[in-house]
Amino acid sequence: MTDSTAKLEIGGKEMELNVRPGSVGPSVVDIAALYKETGMFTYDPGFTSTASCESKITYIDGDEGVLLHRGYPIDQLAEHGDFLEVCYLLLYGELPTKVQKEDFDYRVTRHTMLHEQMSRFFTGFRRDAHPMAVMCGVVGALSAFYHDSTDISDPHQRMVASMRMIAKMPTIAAMAYKYHIGQPFIYPKNELSYAANFLHMCFAVPCEDYKANPVLARAMDRIFILHADHEQNASTSTVRLAGSSGANPFACIAAGIACLWGPAHGGANEAALNMLAEIGTVDRIPEFIERAKDKNDPFRLMGFGHRVYKNYDPRAKIMQRTTHEVLAELGVKDDPLLEVAMELEKIALTDEYFIEKKLYPNIDFYSGITLKAMGFPTTMFTVLFALARTVGWIAQWKEMIEDPHQKIGRPRQLYTGEQSRDYVPIAKR
Ligand code: SDX
């Protein structure tokens, strides 16, 4: 991988810019010196053509519909691995040996309990608060309870904070759910796997024994794998920007949760299921397809389209298979929402508009149907996304902090406002 150069001529002045190739995917033109050399900025408000950082964690080939985590294809990881193995891979860069995996699982399992004082934190919220609002509050408050892992300059504290986040997010998410439905909190159980423990904390009640259905636990674990990391998406970029100022990791993750909540991002799984319910029956699909194509109608097909994927989101294919597995295990024969989803996908993928704009189902299109069948309310869908994405946020945050060239992120702007003018006393306005 050798660098090359690009020539840029601005205002009669020629400038040579360094071009750096990636190990795979697009090269980058290094414009860091552009402003100093030309007094000009580049302009790319949605970052459609802008690399914000160098990373070795995840790579997406949007045209081919490929997703690699440290080089391993998502379909192989989802098929053969488990979520904590993917967490280890994202954090350390290699698949763990048997001994490393056992040690990692042990360490995560022993960090799943939350400081008992934090359980009172939930009682400050209304029961009908959206669980994502609770997640923003409670995760942001973690730094008020775990002072011994907020010094980001200490590698040991960075790792402890990372383990605490990965381990405690299922406990916090389950507590947010239990609080929402008025049931008592259920403590984690160390003998359970990560996904089974989460299902147990969500669906067990003190009055009877609960054993997670192994098929559902496996599906939950796979859903976590599919949501673990995804390059520099909006919420990951939020976590990196927050972390670049030196903010503690808990606060950075809370910022990521807030960004993920938006319906254009992680909130799309909740919005997609609500959309399928609004469509209701197959015969109403054409009406909604037309609305999605109408420039004057803000309606968009939730769960469709992607900034990077201009082909089928590989996660959506695995998600669709998981949906059928879960519905079969639960004996759900003809789920009306699934019927609408399958027909909607079929129609959209043959429609000129969607073909021309390369709009395919993304991970959020099928996840809602699966999670609803598993017993989660729609308000919990993005909470589960945040739970899984925490390892990606943490891995990207760690990579940024450990980058010797890292500096605070501070974008510039194209200013088109008023030029300097004098104050006018109110009597003269
Ligand atoms: C996630 O970045 C990530 O990696 C995110 C994510 C992750 O794992 O972190 O993959 C998770 O957020 C998946 C995306 C979930 N969001 C949705 O499903 C919401 C619906 N999708 C759209 O809002 C949209 O597709 C985005 C936000 C996902 C992508 O938006 P872009 O890249 O800014 O694309 P765009 O809005 O510029 O759309 C391009 C064209 C537009 O038409 P024109 O202005 O060119 O005429 O496609 C149209 C859009 O109007 N379009 C859609 C559409 N998505 C895009 N039209 C109808 N329905 C849609 N869903």
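Indexing begins at 1, ligand by ligand and atom by atom, following the structure's order.
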Atom CD of residue position E339 - does it have more than 12 heavy atoms of other residues, nucleotides or ligands inside 6.0 Å?
no
Do the non-hydrogen side-chain atoms of K293 and D351 ever get within less than 4.5 Å of each other?
yes
Is R412 close enough and on-axis enough to F41, meaning under 6.0 Å and within 45°, for cation-pi?
no
At a 4.0 angstrom heavy-atom cut-off, what protein residues surround ligand 1?
H230, N233, P263, A264, H265, A268, A292, K295, R300, L301, M302, G303, F304, G305, H306, R307, R315, Y353, K357, L359, N362, D364, F385, R389
Checking R127 against Y179: charged group under 6.0 Å from the ring centre and within 45 degrees of the axis?
yes
So F288 and F299, ring pair (Phe, Tyr, Trp, His ring centres under 6.0 Å) or not? Walk me through it.
CA-CA 8 Å; F288 284 83; F299 173 80; 5.6 Å; yes
Step through it carefully: locate the ring centre of Y309, locate the ring centre of H230, and say whether they are under 6.0 Å apart.
yes
